[in-house]
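I have placed the structure first, in the form of structure tokens, so that the comments after it can refer back to it.
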Amino acid sequence: MIFANCALDSITTKANEPSESAEPNPPQWPESCVTIITHDMSDEDAQKKLKKLEDSTKLVTKDMVITEDMTEDEKAQKEKLVGQIYFVPKEHFSSERKAIFFEPREEPYKVDVQVGYYVQVAGLGASASDVKFADDGASKKKGPYCPAYFNEKLRGLTTLDTFWRSAENFTNQTEGGQMWAVSQAAPIRRIHVEKDLTLHDAGAQASGGHLANAQVEGALIFGSQQQFCSRSVTVGDSGAINLGAWSNVFVDTVAPKNCLKTPVGWTNYGGNQFGEDLSLETRPFNWRTDWNRLGEGIQPNVDKKGASTTVSVPKTTVEKCFVAMEIFEDGTKKYFLHVPQPRIRTGDELSPLGADLSGATDDKRPFENVYVARAETEEYHDNDVARKINIALKQGKDVVLSPGIYHLKESINIVKNDQVLLGIGMATLTAPPNGEPCIRVSTGTEGVRIGGIMFAASKIKKVPLPFLSTKTTSFIEFGKEGVTDAGNPNNPGVLTDIFCRVGGDLDREVSTDIMVRIHQGNVIGDKLWLWRADHVKLADGELPNFPDKNLDYHQVVLGECPCKTGLEVNGDNVVIHGLAVEHTDEDQVVWNGADGQVHFYQCELPYDADHNFGANNFVGFRVNGKNHYLGGAGVYSNFRDYNVIVKTGISHPSAFDANVVVNPFTVHLDNIGRIMTVVSDGSTYGGGPTYERAMISKYLSSKEEEEEHADDKKEMEANAMVRKTSWGWFSEKLTSITGSRPSSPTAVPSQ
């Protein structure tokens with residue numbers, strides 16, 4: 001049997017080797033994870049195929065949603081769910097990855113496409129207008145859409161976990177418009193919506209998202225979204241913008257004057273008509289409705305706590321690379337990798353603003369020079385996929401990662417200018433167990449594009465004396481540590497749709513030090529979600545360790561899934577549109593480079609931190625570099641296990657310059673502890689404190705505010721003197737010496 005396995009390995013590792021000349025075009029997509037809806041397929045046949053790819057569903061019964069202790073009004077609201085079929089989040093930690101492609105054709109597709117976990121839906125047109133979705137007469141169709149999930153333990157709908165999915169490159173012509181009710185790692189981009197774009201589902205809780213390169217003719221409705229980033233968006237002349245909950249960020253968004261309209265139904269419940277002067281601009285407060293209350297017949301109120309941050313003319317924006325296909329007159333099909341050119345707005349010739357959906361200026365690269373990598377599956381065994389990818393990159397080819405999980409044994413090395421490494425269908429790179437990064441970008445390169453990839457931590461092989469090791473583990477090393485590399489402002493490196501996670505699957509001993517490190521200058525990021533897990537998959541028979549939280553997961557505790565920091569930036573002139581970092585053990589972000597910019601930041605501090613998190617002055621965002629801009633940044637606390645007191649949410653040299661640090665805020669989501677102030681320049685603290693659940697605290701500079709919180713700051717200073725005697729601190733120190741961590745479960749007997 002051993003010899004048989006060795007023989008199998010020796011055969012299969014030679015499969016899918018990069019060609020020494022041209023790669024096949026059309027490429028050989030793996031049928032198990034890439035579904036192509038062809039242009040000549042009937043809508044009925046397409047719908048049957050798509051139905052098989054949907055998430056699990058459940059019929060809601062009365063006992064699932066109604067309890068005896070509910071009020072009559074609460075029961076009436078829950079009754080609306082009874083008898084309905086909803087999607088449920090059973091695939092939360094699935095190992096499957098899927099891409100659903102639609103070939104271009106003249107007539108629109110008339111289908112429903114539920115975009116579930118680890119699914120990417122994309123049109124294959126060169127232009128977003130090449131693939132269209134429309135209604136089918138009396139039968140209303142949605143096209144690609146993402147609704148809320150039904151959570152039986154919460155007895156209702158939620159979109160707080162509709163992440164790890166994406167949709168792009170199509171036109172939605174349906175009467176119902178486009179629904180995309182998501183949170184976090186679920187971007188929607190390169191779309192044209194001819195009606196409304198709704199980013200929530202019936203007011204169900206949603207924590208934020210990313211919209212890029214989009215044209216919306218109707219209303220852009222954020223609803224219950226806590227934070228949202230809109231980048232390069234064009235709102236039609238008759239369109240409108242209905243703002244979200246706590247913070248909206250608009251970069252390169254073109255909208256008509258007076259675009260902030262009175263929401264539908266607002267005046268019916270006693271709300272006043274909005275004024276005529278509400279245009280898209282930076283303001284410390286929003287006019288918005290409490291969407292959760294409208295459906296209950298309760299009069300709405302104007303809530304001014306949310307903020308709107310607008311950057312009308314960004315210096316540079318770069319769109320994500322994408323796969324397109326052309327059908328020639330003889331019926332042959334050819335694939336191309338489209339590489340959009342940077343849109344630069346300095347000098348005499350300024351690039352246009354707003355959405356760019358035509359693809360007319362893209363660098364169009366035929367797939368003869370694109371290597372399509374395949375992940376290991378039950379049917380396809382490959383022990384050295386990283387080696388094959390590196391061969392292709394050395395040949396000067398671009399690389400597309402087909403859907404799947406790639407267990408790397410070595411780093412992927414990008415060594416040439418302008419190369420593209422693009423994942424489709426939520427392709428996932430698992431870090432090499434020797435502590436090397438998943439991807440290294442060589443210093444001195446320019447124009448490198450990395451996008452559409454998930455990254456997962458692995459269990460790092462222990463070294464004899466880990467406390468003597470100086471190696472920093474990470475997923476991405478963009479440039480080389482300690483080497484000055486200015487990059488090229490006219491041909492920047494780009495990171496798009498980068499989703500990292502440390503933990504989530506069963507193994508709780510996985511780790512990394514810093515998820516993403518950017519050493520090169522002039523790199524642009526567009527939608528990065530860097531997540532140390534707050535919850536992971538349960539083993540067979542294992543019960544939740546916090547049953548009162550109503551979640552079917554193991555809640556991560558101190559010492560599990562360790563990761564110090566999400567993002568470290570050492571290069572100058574690095575710009576990120578849409579950044580989220582959550583739950584890391586120390587500073588969530590450390591920004592050392594000069595002239596950096598971040599437009600939109602969302603952060604949750606670790607739930608499992610102990611007192612030392614505050615005593616060590618860890619923060620949600622730390623800036624050490626000069627001339628840094630930070631707009632629309634929110635830092636949340638939910639300290640579950642210890643009464644953690646954090647001095648400030650954001651540490652920034654220019655913390656109190658309202659033109660540099662724009663609309664920062666903190667939120668106390670739940671549980672104990674708090675963030676005492678919103679911002680600090682290292683010596684002075686401003687804004688806060690935050691006490692009550694879901695209370696928002698903002699920095700509004702005033703002498704009265706400083707005096708009001710004087711006693712609170714004394715308590716904060718006292719807490720900083722807490723002796724380091726907690727079990728969590730001792731456990732981490734022991735870990736640094738022995739290199740051992742709590743063992744992960746394999747199976748737990750039923751109780």
Side-chain angles (χ1 to χ4, degrees), residues 9-24 27-28 30 97 321 323 337 339 365 367-377 380-424 427-458 460-461 471 473-481 483 485 493-496 498 500 512 516-520 523:
D9 288 344
S10 66
I11 294 172
T12 55
T13 53
K14 293 182 179 179
N16 203 38
E17 287 278 351
S19 171
E20 294 182 0
S21 54
E23 299 293 334
Q28 298 174 354
R97 304 290 187 267
C321 301
V323 176
L337 179 63
V339 184
R365 304 178 184 179
F367 258 64
E368 282 83 356
N369 203 45
V370 177
Y371 172 68
V372 177
R374 293 185 61 180
E376 185 170 350
T377 64
Y380 176 79
H381 300 271
D382 197 340
N383 293 323
D384 60 351
V385 64
R387 178 188 64 82
K388 296 173 184 177
I389 292 172
N390 284 329
I391 289 174
L393 290 169
K394 288 179 181 178
Q395 291 173 342
K397 295 174 181 175
D398 299 311
V399 174
V400 170
L401 304 174
S402 58
I405 300 176
Y406 295 76
H407 298 279
L408 302 181
K409 289 188 174 181
E410 60 184 87
S411 298
I412 295 172
N413 300 304
I414 302 178
V415 296
K416 297 181 183 294
N417 293 342
D418 303 313
Q419 285 191 302
V420 175
L421 179 63
L422 176 68
I424 62 171
T428 303
L429 299 180
T430 299
N434 61 1
E436 293 299 312
C438 296
I439 299 174
R440 288 187 187 276
V441 179
S442 294
T443 188
T445 57
E446 61 181 55
V448 170
R449 309 285 186 93
I450 302 171
I453 303 175
M454 290 184 64
F455 295 82
S458 62
I460 305 297
K461 290 182 179 177
K471 175 191 273 187
T473 58
S474 64
F475 296 145
I476 299 177
E477 292 281 334
F478 208 117
K480 187 174 182 179
E481 181 179 9
V483 176
D485 181 359
V494 183
L495 294 167
T496 311
I498 300 298
C500 300
T512 196
V516 177
R517 305 178 79 202
I518 302 176
H519 309 292
Q520 187 180 96
V523 172

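Numbering starts at 1 and runs along the sequence shown.
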Quick check: does any side chain N or O of [X] sit under 3.5 Å from a backbone N or O of [Y], one acting as donor and the other as acceptor?
{"X": "S442", "Y": "I414", "result": "yes"}
{"X": "D384", "Y": "E410", "result": "no"}
{"X": "E376", "Y": "V385", "result": "no"}
{"X": "D485", "Y": "G444", "result": "yes"}
{"X": "T428", "Y": "F455", "result": "no"}
{"X": "T512", "Y": "T473", "result": "yes"}
{"X": "K409", "Y": "R387", "result": "no"}
{"X": "S458", "Y": "A431", "result": "yes"}
{"X": "Q419", "Y": "L393", "result": "yes"}

For H519 and K480: C-alpha separation, side-chain torsions, deciding distance, then whether side-chain contact (heavy atoms from CB on, under 4.5 Å) applies.
CA-CA 6 Å; H519 309 292; K480 187 174 182 179; 5.6 Å; no
Side chains of [X] and [Y]: does their closest heavy-atom pair fall under 4.5 Å?
{"X": "D418", "Y": "R365", "result": "yes"}
{"X": "V441", "Y": "I450", "result": "yes"}
{"X": "I424", "Y": "P403", "result": "yes"}
{"X": "V448", "Y": "Q520", "result": "no"}
{"X": "P18", "Y": "K394", "result": "no"}
{"X": "Y371", "Y": "I391", "result": "no"}
{"X": "P27", "Y": "V370", "result": "no"}

Heavy-atom pair of closest approach, residues [X] and [Y]:
{"X": "C438", "Y": "L429", "value": "SG-O, 3.9 Å"}
{"X": "F367", "Y": "V372", "value": "CE2-CG2, 3.8 Å"}
{"X": "E436", "Y": "P432", "value": "O-CD, 3.2 Å"}
{"X": "K471", "Y": "G435", "value": "CD-O, 4.0 Å"}
{"X": "S402", "Y": "A427", "value": "O-CB, 3.6 Å"}

If I take atom [atom1] from residue [X] and atom [atom2] from residue [Y], how far apart are they, to the nearest 0.5 angstrom?
{"X": "E481", "Y": "T443", "atom1": "CD", "atom2": "OG1", "result": "12.0 Å"}
{"X": "R449", "Y": "T496", "atom1": "CZ", "atom2": "OG1", "result": "7.5 Å"}
{"X": "S411", "Y": "R440", "atom1": "OG", "atom2": "CZ", "result": "5.0 Å"}
{"X": "L401", "Y": "I412", "atom1": "CG", "atom2": "CD1", "result": "6.0 Å"}
{"X": "N369", "Y": "K397", "atom1": "CG", "atom2": "NZ", "result": "6.5 Å"}
{"X": "I476", "Y": "I453", "atom1": "CD1", "atom2": "CD1", "result": "7.0 Å"}

As a quick check of understanding, evaluate side-chain contact (heavy atoms from CB on, under 4.5 Å) for F475 and I498, giving each step before the final call.
CA-CA 11 Å; F475 296 145; I498 300 298; over 6 Å; no
I'd like to know whether D398 forms a side-chain contact (heavy atoms from CB on, under 4.5 Å) with L422, so could you lay out the CA-CA distance, the side-chain angles of the two residues, the decisive distance to 0.1 Å, and finally the verdict.
CA-CA 8 Å; D398 299 311; L422 176 68; over 6 Å; no
